[in-house]
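One structure is given below, encoded as structure tokens.
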Amino acid sequence: MLTKTFDPAAVEPRLYELWEKLGAFTADPASSAPPFVIMIPPPNVTGSLHIGHALTMSVQDMLTRWRRMQGRDALWQPGTDHAGIATQMVVERLLASQGQDRRAMGREAFLKHVWEWKAQSGGAITRQLRRLGASLDWPRERFTMDEGLSRAVLKVFVTLHRQGLLYRDRRLVNWDPVFQTAISDLEVESREVKGSLWHLKYPVEGEPGRFLVVATTRPETMLGDTAVAVHPEDARFADLVGKHLILPLTGRRIPVVADTHSDPEKGSGAVKITPAHDFNDFEVGKRHALSMPSVLDADAKVMVAEIEAELAEVPGIGDPAFVRALDGLDRFDARKKILARLEELGLIEKIEAHTHMVPHGDRSGVPIEPRLTMQWYVDAKTLAQPAIKAVETGQTVFVPRQWENTFFAWMRDIQPWCVSRQLWWGHQIPAWYAPDGEVFVAESEAEAAAAAREKYGRDVTLIRDADVLDTWFSSALWPFSTLGWPDETPELKKYYPGSVLVTGFDIIFFWVARMMMMGIHFMNEVPFRHVYIHGLVRDEKGQKMSKSKGNVMDPLELIEAYGADALRFTIAALTGPGRDVKLGRKRVEDHRAFVTKIWNAARFLEMNGIVADASFDPATAKSPLARWILDASNRAVEECTEALEAYRFDEYAAAAYRFAWGSYCDWFIELGKPVLNGPDGPEKAEVKGAAQHVFGTILKLLHPAMPFVTEELWHLFGYGEQGSLIRAAWPAPVTVPDAEAARAELDWVVALIGEVRGARAEMNVPPSVTVPLLLQGAAGTTLARADRWIDAIRRLARATEVKPLDGAAPKGVAQVVVGEATVMLPLADVIDLGAERTRLAKARAAAENEAKKIAAKLGNADFVARAKEEVVEENRERLAAAEAEMARLDAALARIAE
RNA sequence: GGGCGCUUAGCUCAGUGGUAGAGCGGCGGUUUUACACACCGUUGGUCGGCGGUUCGAAUCCGUCAGCGCCCA
């Protein structure tokens with residue numbers, strides 16, 4: 001006996017272990033089956049499963065399970081990435097709590113700690129993915145710092161360098177003062193900050209009392225100003241171009257230059273230029289050959305060294321002692337002091353409140369500081385071109401398509417990719433420096449030494465670059481490094497390129513674009529055919545989930561409460577095209593009802609002795625009920641398959657739900673009860689056969705979304721061995737004899753029951769009152785149908801019998817129109833005839849309204865002349881039907897007039 | 001400022017030229033032996049506004065408004 005309700009907590013872990021033990025998730029490079037490949041977006045090794053993972057992983061698992069059932073050799077490649085900054089931060093914090101310090105222990109010892117931490121705590125998310133039911137090929141699990149993947153990183157780095165696509169350059173980087181490292185453009189997020197716009201007065205050289213006013217949001221950087229720019233066409237400042245200003249506090253002479261970067265509309269129309277601390281100013285500096293002194297150090301503290309030589313005492317303007325005293329001061333403290341001093345000197349014209357966007361490190365959360373440093377860069381511009389072309393030509397297709405625009409916009413304006421990070425945890429850059437500064441890039445120290453020996457004719461001391469690579473550098477290789485590249489493995493041959501990449505739109509730049517670039521460059525082929533972009537998970541109100549808002553939902557807790565199937569089905573149902581998913585507890589609870597519904601349907605089958613029967617052949621079905629449900633299941637199969645092919649998880653869920661609940665449970669089982677409760681015989685056997693056959697189809701259709709409950713029932717009902725549904729064949733439509741006739745018959749039964757139920761409910765007839773149904777004007781086929789379905793009609797329409805009206809209509813009937821017939825319910829003692837007249841009049845008005853609308857359309861000569869013939873014909877039929885219904889309702893009204 | 005997207009029933013959303021839909025909710029009824037996480041019935045929308053194209057527009061075009069996201 002099945003338990004009263006499904007108990008996911010007891011069943012799910014057991015089944016997952018079984019699948020894993022059976023090797024049900026395993027891909028087989030030796031098989032002849034065509035591959036289906038999804039590369040997991042490797043979660044952070046520091047991470048734990050959040051609701052966003054639940055979405056993306058559920059989607060990936062649905063696709064994988066579905067394709068696997070279709071007979072594809074499915075590989076869902078698992079793994080995690082080493083998450084440079086995040087992991088280093090976690091371990092540093094841990095060490096700090098034990099009173100230890102990274103720098104004190106040194107690089108080697110620190111890395112040992114990180115590896116230890118990874119071994120102990122790094123696998124949390126992989127365990128959690130199992131709870132979700134993710135059918136990843138675990139024996140193939142990889143980590144971006146694996147030996148194999150590290151070898152791929154070395155090879156790629158060295159190759160790109162040799163090809164001139166990876167180089168060192170001294171330019172401005174986004175510097176994170178907390179982590180003390182460069183970060184890429186993408187790791188910077190603009191945040192709106194309420195600040196001020198300070199209008200500073202810079203004295204014009206040789207013209208006492210004349211000032212050029214510059215507006216700035218960052219007054220502390222003025223120490224590093226090397227020019228003031230005005231717009232070339234700005235008449236207000238035309239005479240100043242070429243003249244010099246005395247930079248307050250430092251006393252340094254700086255030129256006024258004409259540059260279009262200066263916007264006459266903004267601020268004062270003149271802008272101070274600090275090339276070493278602002279990206280735009282850097283470009284201006286390059287255009288005008290300005291010097292580029294840095295005045296902030298790695299900690300974002302004031303650094304006077306590079307401007308020391310030019311400090312000059314100028315009465316009322318230049319104050320070297322003050323400037324020197326700022327050395328080592330935090331940037332924000334320095335700002336206050338500088339402003340106070342300028343105020344004293346009368347060099348602040350005004351201060352405006354000003355809201356502006358300030359770049360922040362996405363992990364550290366502090367304002368990033370542009371700094372002039374030497375870093376390694378990848379020539380993304382060059383690598384981007386083939387990637388752009390691949391999407392333009394459809395080698396890779398985004399779903400939904402509109403995301404291609406986002407991809408193009410970024411790729412066409414791509415900047416050099418800064419790949420070096422001043423961290424210890426990561427792939428150390430394979431570059432060695434000779435004492436003269438010459439760099440040797442090689443896959444090993446020995447190779448670098450050999451190259452150096454060749455150059456210098458002797459051995460020299462080489463020092464390895466201390467920096468590591470951006471984590472995304474190794475992630476970019478994921479689609480082929482996980483398959484064994486640079487070795488030519490069977491896996492690489494079979495599973496590259498992947499079928500589809502599934503991710504959120506926020507990752508298009510970080511990862512998708514970079515995989516495209518690296519994949520095409522090193523494999524001469526795009527890394528995946530489709531990129532399915534899903535939305536973000538938000539709370540019920542549509543708010544982004546965040547810890548600070550306190551609206552985060554823990555997927556594991558939801559699984560605990562409602563089961564993984566319920567969570568997964570909810571996600572499927574809510575994942576529409578290009579939409580964010582608004583998820584609340586209530587939604588999961590609601591969809592759990594569907595899991596329970598399936599379970600209860602199974603209990604009904606069990607009570608009726610219905611079990612799997614492979615010998616049942618749908619093509620031999622005779623009873624209309626069996627043929628009807630088999631036919632309906634064919635359509636459900638088609639709908640589900642088409643929906644999955646189109647990545648329409650909402651439609652897939654809706655089609656399966658509609659069929660399982662709305663057709664199988666609500667009608668097939670209910671209509672089948674009289675037969676199932678009746679004596680054994682061919683009809684009963686056939687209904688049982690259809691019941692088990694279609695239930696098997698339902699289990700298969702739902703398996704990608706609800707793997708656990710379906711797998712459990714699959715075995716309990718004898719469809720297959722334990723844990724075998726996962727590899728059962730995806731259903732295909734079956735042959736159903738004369739499906740159209742079965743549809744027509746069941747449509748009639750459903751309509752009759754529906755109409756009678758509706759009238760009874762509206763007339764407040766208690767369910768305990770049962771009446772005969774008298775058919776007036778019924779065709780012979782209708783009467784035959786009524787006869788065939790009498791037991792079901794009795795049961796579902798609360799009827800005692802169904803028979804043709806003999807003679808005149810009895811007094812006090814309720815009447816409904818079903819097709820050509822009028823059905824009379826003799827209810828003289830129960831109903832209010834006035835109310836019945838009102839009800840009929842309302843129905844007649846609706847029919848009349850419909851008829852009028854259609855008649856007007858058909859009365860339009862243009863419509864008849866220009867619309868498609870089948871549309872006109874359809875409208876003619878609808879008009880006829882509406883008019884016939886009006887006539888029958890008129891007759892019904894006449895019958896009970898007084 | 002530039003770009004993208006969204007606006008359809010109380011809520012969440014499908015619907016991309018031919019009868020406006022689903023789920024949930026609301027309301028009324030029901031212990032009819034799978035299921036109250038249920039069953040039956042029912043209510044509910046000038047498809048954001050305006051203009052255009054068309055025989056016909058939620059759907060195509062233009063425009064305006066509101067909201068969201070990305071970029072500067």
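Throughout, a chain's letter reflects where its sequence line sits, starting with A, and its residues are numbered from 1.
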How does RNA chain B look in dot-bracket notation if pairs are Watson-Crick or G-U with both distances under 3.5 Å, crossing ones as [ ], other-strand ones as |? ((((((((.[[[[.)..(..]]]].(((((.......))))).....[[[[[..)....]]]]]))))))).
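Residues forming a side-chain hydrogen bond (donor to acceptor under 3.5 Å, both in side chains) with A:Asp829 (at least two apart in sequence, or on another chain): none. For A:Thr596, the side-chain hydrogen bond (donor to acceptor under 3.5 Å, both in side chains) criterion is met by no residue, not counting sequence neighbours. With sequence neighbours excluded, no residue forms a salt bridge (charged side-chain N to carboxylate O under 4.0 Å, His left out) with A:Asp666. Partners of A:Arg538 by salt bridge (charged side-chain N to carboxylate O under 4.0 Å, His left out), not counting sequence neighbours, listed by chain and number: A:Asp580. Listed by chain and number, the residues in a side-chain hydrogen bond (donor to acceptor under 3.5 Å, both in side chains) with A:Lys688 amount to none (sequence neighbours excluded). The side-chain hydrogen bond (donor to acceptor under 3.5 Å, both in side chains) check on A:Asp506 picks up nothing, with sequence neighbours excluded. Looking at residues two or more places apart in sequence or on another chain, you find a salt bridge (charged side-chain N to carboxylate O under 4.0 Å, His left out) between A:Asp791 and A:Arg794. Not counting sequence neighbours, the partners of A:Glu873 by the salt bridge (charged side-chain N to carboxylate O under 4.0 Å, His left out) test are A:Arg876.
Across the protein-nucleic acid pair, A:Glu639 atom CD and B:A14 atom P stand 18 Å apart, rounded to whole Å. In this structure, the CG atom of A:Asp580 is 9 Å from the P atom of B:C13, given to the nearest Å. Distance CD (A:Glu651) to C1' (B:U16): 13 Å, rounded to an integer number of Å. Between the CD1 atom of A:Ile831 and the P atom of B:G29 there is a distance of 19 Å, given to the nearest Å. Atom pair A:Arg798:CZ and B:G29:P shows a separation of 17 Å (rounding to whole Å applied). Atom-to-atom, NZ of A:Lys586 to P of B:G23 comes out at 14 Å; the value is rounded to the nearest Å. With rounding to whole Å, A:Lys4 atom NZ is found 11 Å from B:U33 atom C1'. One can place CG of A:Leu574 at 8 Å from C1' of B:U12, the figure rounded to the nearest angstrom.
Here the separation of B:C60 from B:C71, taken at their P atoms, is 28 Å to the nearest Å. For B:C4 and B:U43, the C1' atoms lie 39 Å apart once the distance is rounded to whole Å. Atom name P, nucleotides B:C50 and B:U42: the rounded distance is 33 Å, in whole Å. Only the P atoms considered, B:U33 is 24 Å distant from B:G28, to the nearest whole Å. Comparing the same atom, P, in B:U54 and in B:A14 gives a spacing of 31 Å after rounding to whole Å. Remark: the separation of the P atoms in B:U12 and B:U7 is 12 Å, to the nearest Å. Spacing of C1' atoms, B:G44 relative to B:A22, comes out at 14 Å, to the nearest Å. Atom name P, nucleotides B:C11 and B:U16: the rounded distance is 23 Å, in whole Å.
Here A:Ile854 lies out of heavy-atom contact (under 4.0 Å) with every strand. Base engagement by A:Ala601 is indicated by at least one non-hydrogen atom pair under 4.0 Å involving a base atom. Within 4.0 Å of A:Glu870, counting heavy atoms only, lies no atom of the nucleic acid at all.
Nearest to the side-chain atoms of A:Met607 among the listed nucleotides B:U33, B:U19, B:G25 stands B:U33. Closest contact between the side chain of A:Tyr657 and the listed nucleotides B:U30, B:G23, B:U19 involves B:G23. In this structure, the nucleotide among B:U19, B:A14, B:C35 sitting nearest to the side chain of A:Asn600 is B:C35. When distances run from any side-chain atom of A:Arg648 to the nucleotides B:A34, B:A36, B:G15, the shortest one goes to B:G15.
Defined by atom type and a distance below 3.5 Å, a donor-acceptor pair is missing between the side-chain atoms of A:Glu638 and A:Thr641.
You'll find the side chain of A:Leu671 reaches within 4.5 Å of the side chain of A:Leu796, heavy atoms only.
Toward the 5′ end of RNA chain B lies the nearest nucleotide of A:Arg658, the other residue of the pair A:Phe509 and A:Arg658 mapping further downstream. In terms of position on RNA chain B, the residue among A:Asn280 and A:Phe505 whose nearest nucleotide sits closer to the 5' end is A:Phe505.
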Every protein N/O lying under 3.5 Å from an N/O of nucleotides 51-57 of chain B:
| from | atom 1 | to | atom 2 | distance (Å) |
| --- | --- | --- | --- | --- |
| B:C55 | OP1 | A:Arg866 | NE | 3.2 |
| B:C55 | OP1 | A:Arg866 | NH1 | 2.0 |
| B:C55 | O2' | A:Asn860 | ND2 | 2.9 |

Between protein and nucleotides 38-44 of chain B, what N or O pairs are separated by less than 3.5 Å?
| from | atom 1 | to | atom 2 | distance (Å) |
| --- | --- | --- | --- | --- |
| B:A38 | O3' | A:Lys597 | NZ | 3.2 |
| B:C39 | OP1 | A:Lys597 | NZ | 2.9 |
| B:C39 | OP1 | A:Trp661 | NE1 | 2.5 |
| B:C40 | O3' | A:Arg757 | NH1 | 3.4 |

I'd like a table of atom pairs between the protein and nucleotides 2-6 of chain B - only N or O on both sides, under 3.5 Å - with the distance next to each one.
| from | atom 1 | to | atom 2 | distance (Å) |
| --- | --- | --- | --- | --- |
| B:C6 | O3' | A:Arg579 | NH2 | 3.2 |

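In this structure, A:Tyr532 and A:Tyr647 have parallel ring planes: the angle between them is below the 30° cut-off, well short of the 60° mark. Between A:Tyr719 and A:Phe695, the two ring planes are tilted [angle within 30° to 60°].
The phosphate of B:A34 has OP1 or OP2 within less than 4.0 Å of a side-chain N or O from A:Lys673.
With salt bridges taken as basic N to acidic carboxylate O contacts below 4.0 Å, one links A:Glu836 and A:Arg839. Salt-bridge check for A:Arg648 with A:Glu642: failed, with every basic side-chain N at 4.0 Å or more from each acidic carboxylate O.
At least one donor-acceptor pair closer than 3.5 Å links the side chain of A:Lys684 to the backbone N or O of A:Gly678.
Annotation: cation-pi geometry not satisfied between A:Arg401 and A:Phe398 (NZ/CZ under 6.0 angstrom from ring centroid, within 45° of ring axis).
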